[in-house]
Amino acid sequence: MEYIVLSVIIFCIGVAGILLRRNLIIILMSVELMLSASNISFVAFSKMHGNLDGQAVVLLLYVLAACEAAVGLAIIVGLFRLKGSVDIQLFRDLKK
Amino acid sequence: MIFYLIAFGIVVTAILTIASRNSVVSALWLVACLFAQAILMVTLEAHLVAAMQVLLYAGAIMVLILFVIMLLNLTPKELKWKFIAGERLILGSGVIYLAGVMGLALWIIYKKGASFVPAAGGGTAGTVEAVGKLLLTKYALPFELVSVTLLVAIVGAILTGRGK
């Protein structure tokens, strides 16, 4: 139970980071935080059920986190080239 | 008891990650948070996962993020505290949101008590042999699919980051 509560707390901190901050890099790091929160609950479930399936899934999730970081950072670099800033308030071209 | 110590460390470093003004400081706090999570996984006997957490997450991914932060070379003006809308409103609602989450979590723990019961009979030690065998037998298809995803992500990152 405590592990799931801890996982929820970290996930919610990540959500708060996404909703509150305007720096794109910190938003990406908040997404990483949310992904890592799921890892904790996977490992805790693995321990709770007495098999190793959860830990195997966590190893697959690391690869997905790496993919997400690589693509996300490429997008951030592209946006920085476009506007010269990583402030998300500047990226409102679709609103015009 | 040791769980609460580690959990406190994880939560504090996670909050500092999203609250730091400077992205580099924020990234270093995130490294600390992921490292504390690795310690938590050691206490859950997930040894391979803990090692991979340090090597892949706190190592490779965070180096990538720090590298991009250095590459972007933000000016001091960029590093100012910035919120989506009105500062007071956002800061207030953020504090209320986090306090609500924490309060709810503490209330659940207080109400339900510590009911985390590990399965009897052991066999959950995440050694390289056990997890590796599972990964190449039962999870062989997801393992291959995730490698395809990685390939697609590499191609996508190169195409996106190449510029004109």
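This structure is a prediction, so every number in the text was calculated from the model and none was measured. To find a chain, count down the sequence lines: A is the first, B the second, and so on, and within it residues start at 1.
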A:Ile13 portion near chain B, given a 4.5 angstrom heavy-atom threshold | both
Whatever's closer than 4.5 Å to a heavy atom in chain A on B:Ala27 counts as both
Go through B:Leu34, B:Leu72, B:Ile154 and name the one with the most non-hydrogen pairs under 4.5 angstrom from chain A.
-> B:Leu72
A:Ile10 versus chain B, heavy atoms under 4.5 Å apart: side chain, backbone, both or neither?
-> side chain
Do B:Tyr97 and A:Leu19 have side chains that get closer than 4.5 Å, going by heavy atoms?
-> no
Greatest number of non-hydrogen atom pairs under 4.5 angstrom with chain A, of B:Ile65, B:Leu56, B:Val11, falls to B:Ile65
Partner residues of B:Val155 under the side-chain contact (heavy atoms from CB on, under 4.5 Å) criterion, sequence neighbours left out = B:Leu159
Bottom line for B:Ile10: the part with an atom under 4.5 Å from chain A's heavy atoms is side chain
Do B:Leu44 and A:Tyr3 have side chains that get closer than 4.5 Å, going by heavy atoms?
-> yes
Toward chain B, the part of A:Glu68 with a non-hydrogen atom under 4.5 Å | neither
What distance do A:Ile75 atom CD1 and B:Thr160 atom OG1 have between them, rounded to the nearest 0.5 Å?
-> 6.0 Å
Any idea which of A:Leu28, A:Val77, A:Ile40 has the most non-hydrogen atom pairs under 4.5 angstrom with chain B?
-> A:Ile40
Check whether any side-chain heavy atom of A:Gln55 sits under 4.5 Å from a side-chain heavy atom of B:Leu48, and report yes or no.
-> no
Largest heavy-atom contact set with chain A, pairs under 4.5 Å, which of B:Phe67, B:Tyr139, B:Phe143 = B:Tyr139
In terms of heavy-atom pairs under 4.5 Å, which option from A:Leu82, A:Val58, A:Val63, A:Val8 contacts chain B the most?
-> A:Val63
NZ of B:Lys133: more than 12 outside heavy atoms within 6.0 angstrom?
-> no
Below 4.5 Å, heavy atoms only, C-beta onward: do A:Leu35 and B:Tyr57 meet side chain to side chain?
-> yes
Atom group of B:Ile15 that falls short of 4.5 Å from chain A, counting heavy atoms | both
Hey, does A:Leu6 have a side-chain heavy atom less than 4.5 Å from the side chain of B:Phe3?
-> yes
